[in-house]
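Written below as structure tokens is the structure these notes are about.
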Amino acid sequence: MKFATKAIHSSYDCDEHNRALMPPVYQNSMFAMQEIGEQIPYRYSRLSNPTRKVLEDTVADLEHGAAGFAFASGMAGIDAVWRTFLQPGDTIVAVADIYGGAYDLLNDVYARWGINVVFADLGNPDNLDRILAEHKVKMVWLETPSNPLLKLVDIPKLAAKAKAAGALVGIDNTFATPYLQNPLEMGCDIVFHSATKYLCGHSDVLMGVVVVKTKELAKPLQNMMVNSGAVAGPMDCWLVLRGIKTLALRMKAHCENALEIAKRLETHPAVAQVFYPGLVSHEHYELAQQQMPRGVGGVVTVYLKNDTKEAANSVIRNMNMVKMAASLGGVESLVNHCYSQSHSGVPHDVKTAMGIKVGLLRFSIGVEDVDDIWQDISNALDTTLA
Ligand SMILES: Cc1ncc(COP(=O)(O)O)c(C=O)c1O
């Protein structure tokens, strides 16, 4: 089956569910047993739940992995992965422009618990060689395209280097979705999604989904999930399953609209620089063409010429349709002020090193009519020109 078909039909057999055409919401914590020791497929929803199972199997299928795990938020999913595969004394190498919440988790929690955290610019894969020569690395954590500057890293090259050194490779694939990129096919061991974003697609669920490449990796992660218990609820799983049915359609529309908006932003006098890997001007345009041939996603980031909080605020206040909100990946267009929102916990000098200026705005381009999106954004940008 091709992607769009799998997204609708994978992992669900209506014969197993009273012929309900769509997966039912098993909104219950327990399943009845008839006698001591009876083997039944589901016993307690922290361990497993039929609605969650359909979702986990569907995402595992879309990511070409052995097993999937759905958590109560993206951060709960990342945390479960790191706690499963890292121990005090281990070293994790993470991309320098990692998502702000993951950066905080590594610095505020993992470093305190004795994990050696190394952030590295992996845009040049040779940088990983130097680190692997200096440290015994347990895990390499990638994120591509990254948040918010949409930098790409070369997944197959980095994964090959990490594997040769005996490290596990995990990747945050949230911005790409399995429609645009399948990292397990490129040498990664673990792929993670904040399903809160595109997998759900409608801004009404918090969830993280992890897919592992092998059954051997699945077992310890399953144990961590069951023991620590941050599982996704059945209703949320149902909503994300419903979202996934239109993932291919939505991603095509997001990519098309985002490319068009990025091109128009390049011509706007209030904009100093546009970051979108589908633009020839982007530093990783060539890599994007190879690694993400279907498209590069729905997020477009700009530096305003007037690099001030006032100018950023003026754009935000003067848009009518495009609202400011913390997240991305829904059908509606949104704007995020990363300096004070997604990366608020990151110290100023680190933000500066990451390129997160006060006049940076990250747009999550939705699937509305592209002319309406442009009108709203360009009118608001005009207000910074005075
Ligand atoms: C790239 C990326 N990874 C992880 C997360 C964390 O996911 P959640 O907010 O669902 O916990 C986010 C959330 O913004 C994100 O953008």
Side-chain angles (χ1 to χ4, degrees), residues 55 59 63 68-83 92 94-110 119 122 141-153 155 170-178 180-181 183 188 190-211 225 228 230-233 236-237 239-240 243-244 251 254 258 275 277 292 296-301 324-330 334-346 354 356 360-365:
L55 171 67
V59 183
E63 280 291 17
F69 301 92
F71 295 87
S73 72
M75 291 316 302
I78 293 179
D79 179 48
V81 170
W82 290 346
R83 251 182 315 141
I92 179 170
V95 279
D97 50 352
I98 187 170
Y99 165 63
Y103 174 91
D104 292 344
L105 182 62
L106 283 174
N107 277 331
D108 297 348
V109 180
Y110 280 83
F119 292 107
L122 299 180
W141 188 259
L142 308 177
E143 187 180 320
T144 176
S146 68
N147 180 13
L149 291 176
L150 292 319
K151 292 188 183 176
L152 269 65
V153 295
I155 303 171
I171 182 165
D172 186 333
N173 203 29
T174 298
F175 273 42
T177 80
L180 300 177
Q181 183 168 274
C188 295
I190 302 162
V191 60
F192 159 81
H193 291 275
S194 167
T196 312
K197 314 293 189 294
Y198 292 104
L199 294 189
C200 167
H202 296 78
S203 306
D204 44 17
V205 171
L206 265 184
M207 190 187 292
V209 180
V210 177
V211 176
M225 179 187 225
S228 58
V231 297
D236 286 350
C237 292
L239 283 166
V240 173
I244 285 174
M251 290 317 294
H254 282 296
F275 298 87
M292 306 178 75
V296 295
V299 178
V300 181
T301 298
M324 175 161 104
S327 194
L328 60 99
L334 295 173
V335 66
N336 181 282
H337 183 241
C338 299
Y339 191 94
S340 64
Q341 290 186 290
S342 57
H343 291 68
S344 59
V346 180
M354 285 171 137
I356 300 178
L360 177 154
L361 291 173
R362 183 193 76 196
F363 293 98
S364 172
I365 302 299

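Order of appearance sets the numbers: ligands from 1, and atoms from 1 within every ligand. Note that the numbering runs from 1 along the sequence shown for the chain.
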Does any N or O of ligand 1 fall below 3.5 Å from an N or O anywhere on [X], backbone included?
X      : value
Phe192 : no
Glu143 : no
Leu328 : no

Could you tell me which atoms of ligand 1, counted from 1 in the order shown, lie closer than 4.0 angstrom to a heavy atom of [X]?
X      : value
Ser73  : 11 (O)
Asn147 : 16 (O)
Met75  : 6 (C), 7 (O), 8 (P), 11 (O)

Which atoms form the tightest heavy-atom contact between [X] and [Y], and what is the distance?
X      : Y      : answer
Asn173 : Thr144 : OD1-O, 4.3 Å
Met225 : Val231 : CG-CG1, 3.7 Å
His193 : Pro178 : CE1-CD, 3.4 Å

Worksheet item: What distance separates Asn336 CG from Ser364 OG, expressed to the nearest 0.5 Å?
Response: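 If we round to the nearest 0.5 Å, Asn336:CG and Ser364:OG are 9.5 Å apart.
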So which protein heavy atom does [atom] come closest to, and at what separation?
atom                    : value
atom 10 (O) of ligand 1 : Thr196 OG1, 2.6 Å
atom 13 (C) of ligand 1 : Lys197 NZ, 2.5 Å
atom 1 (C) of ligand 1  : Asp172 OD2, 3.4 Å
atom 8 (P) of ligand 1  : Gly74 N, 3.4 Å
atom 6 (C) of ligand 1  : Tyr99 CE2, 3.5 Å
atom 7 (O) of ligand 1  : Ser194 OG, 3.0 Å

Discussion item. Cys200: which residues meet the side chain to side chain contact (heavy atoms under 4.5 Å, CB included) condition with it, sequence neighbours left out?
Written reply: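 Partners of Cys200 under the side chain to side chain contact (heavy atoms under 4.5 Å, CB included) test: Asp204, Val205, Val240.
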Quick one: side chains of residues 96-104, donor-acceptor pairs under 3.5 Å with protein atoms, not counting sequence neighbours, listed by atom name and distance.
from	atom 1	to	atom 2	distance (Å)
Asp97	OD2	Ser146	OG	2.6
Tyr103	OH	Asn107	ND2	3.3

Worksheet item: Is the shortest heavy-atom distance from the side chain of Met292 to the side chain of Pro277 under 4.5 Å?
Response: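 Met292 does not reach Pro277 side chain to side chain.
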Discussion item. Tell me whether the rings of Trp141 and Phe192 are parallel (<30°), tilted (30 to 60°) or perpendicular (>60°).
Written reply: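 Ring orientation, 0 to 90° scale: tilted.
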